[in-house]
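Only heavy atoms go into these numbers, but all of them, side chains included; no hydrogens, no water, no symmetry mates. Predicted model only: the values in this text are computed from it and were never measured.
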Amino acid sequence: MAELKFEITEKIGVISENAKGWTKELNMVSWNEREPKYDIREWSPDHSKMGKGVTLTADELADLKNLLAELDLDSFE
């Protein structure tokens, strides 16, 4: 299996942190030396390991933002 190369080019923010110190983050990540994309996933404290996540283009992130803006978050309580 080919080695996966990644570089976090911009740290945008932490969404949450679990008891073991792993953080769910929104970052700009370049995968295999490609153009960076928005990325949401869990990272180990030193960012050497990662969990499964989702990578989004700027257009996809804008669409997600619009969808979230339409949600009635009070209904989730």
Side-chain angles (χ1 to χ4, degrees):
M1 180 174 246
E3 179 184 351
L4 178 65
K5 295 180 184 178
F6 69 91
E7 177 187 0
I8 298 174
T9 60
E10 181 181 351
K11 293 183 179 183
I12 298 172
V14 173
I15 299 167
S16 64
E17 183 174 347
N18 70 21
K20 294 186 178 185
W22 282 58
T23 51
K24 189 174 295 175
E25 303 178 11
L26 172 62
N27 297 313
M28 292 292 294
V29 179
S30 170
W31 297 100
N32 295 320
E33 300 176 350
R34 294 188 181 117
E35 190 70 26
K37 293 184 180 179
Y38 293 94
D39 186 86
I40 301 171
R41 75 184 60 243
E42 288 189 341
W43 293 91
S44 66
D46 65 358
H47 290 86
S48 65
K49 297 179 183 176
M50 69 196 83
K52 291 182 181 179
V54 61
T55 301
L56 305 165
T57 64
D59 288 341
E60 290 170 331
L61 186 66
D63 290 342
L64 177 60
K65 179 182 176 185
N66 292 335
L67 288 169
L68 291 172
E70 294 174 10
L71 281 180
D72 177 12
L73 295 178
D74 292 333
S75 66
F76 292 104
E77 293 179 6

Please check if the side chain of Thr9 supplies one atom and the backbone of Met28 the other of a donor-acceptor pair under 3.5 Å. yes
Among residues at least two apart in sequence or on other chains, which ones pass side-chain contact (heavy atoms from CB on, under 4.5 Å) with Leu4? Trp31, Asn32
Under a single-linkage definition using a 4.5 Å side-chain heavy-atom cutoff for Ile, Leu, Val, Met, Phe, Trp and Tyr, are Met50 and Val29 assigned to the same hydrophobic cluster? yes
Return the set of residues passing salt bridge (charged side-chain N to carboxylate O under 4.0 Å, His left out) with Lys65 (not counting sequence neighbours), or none when no residue passes. none
Could you grab the distance from atom CD of Glu25 to atom CD of Glu42, nearest 0.5 Å is fine? 10.0 Å
Looking at side-chain heavy atoms only, is the closest gap between Glu60 and Tyr38 below 4.5 Å? no
Compare every heavy atom of Gly21 with every heavy atom of Pro45, then report the nearest pair and how far apart it is. CG-O, 3.6 Å
Do Thr55 and Arg41 touch side chain to side chain, with heavy atoms closer than 4.5 Å? yes
Less than 4.5 Å apart, any side-chain heavy atom of Lys11 and any of His47? yes
Once you round to the nearest 0.5 Å, how far does CH2 of Trp43 lie from CD1 of Ile8? 4.0 Å
Test your reading of the model: is there a side-chain donor-acceptor pair from Asp46 to the backbone of Ser48, 3.5 Å cut-off? yes
For residues Ile40 and Leu71: do they belong to one hydrophobic cluster (side chain heavy atoms under 4.5 Å, members Ile, Leu, Val, Met, Phe, Trp, Tyr)? yes
Linking I/L/V/M/F/W/Y whenever their side-chain heavy atoms sit closer than 4.5 Å, directly or via other members, would Ile12 and Leu64 fall into one cluster? yes
Looking at CG of Leu26 and CD of Glu10, how far apart are the two atoms once the value is rounded to the nearest 0.5 Å? 9.0 Å
For Glu35, which residues count as a salt bridge (charged side-chain N to carboxylate O under 4.0 Å, His left out) partner, sequence neighbours excluded? none
Hey, are the side chains of Phe6 and Ser30 touching, using non-hydrogen atoms and a 4.5 Å cut-off? no
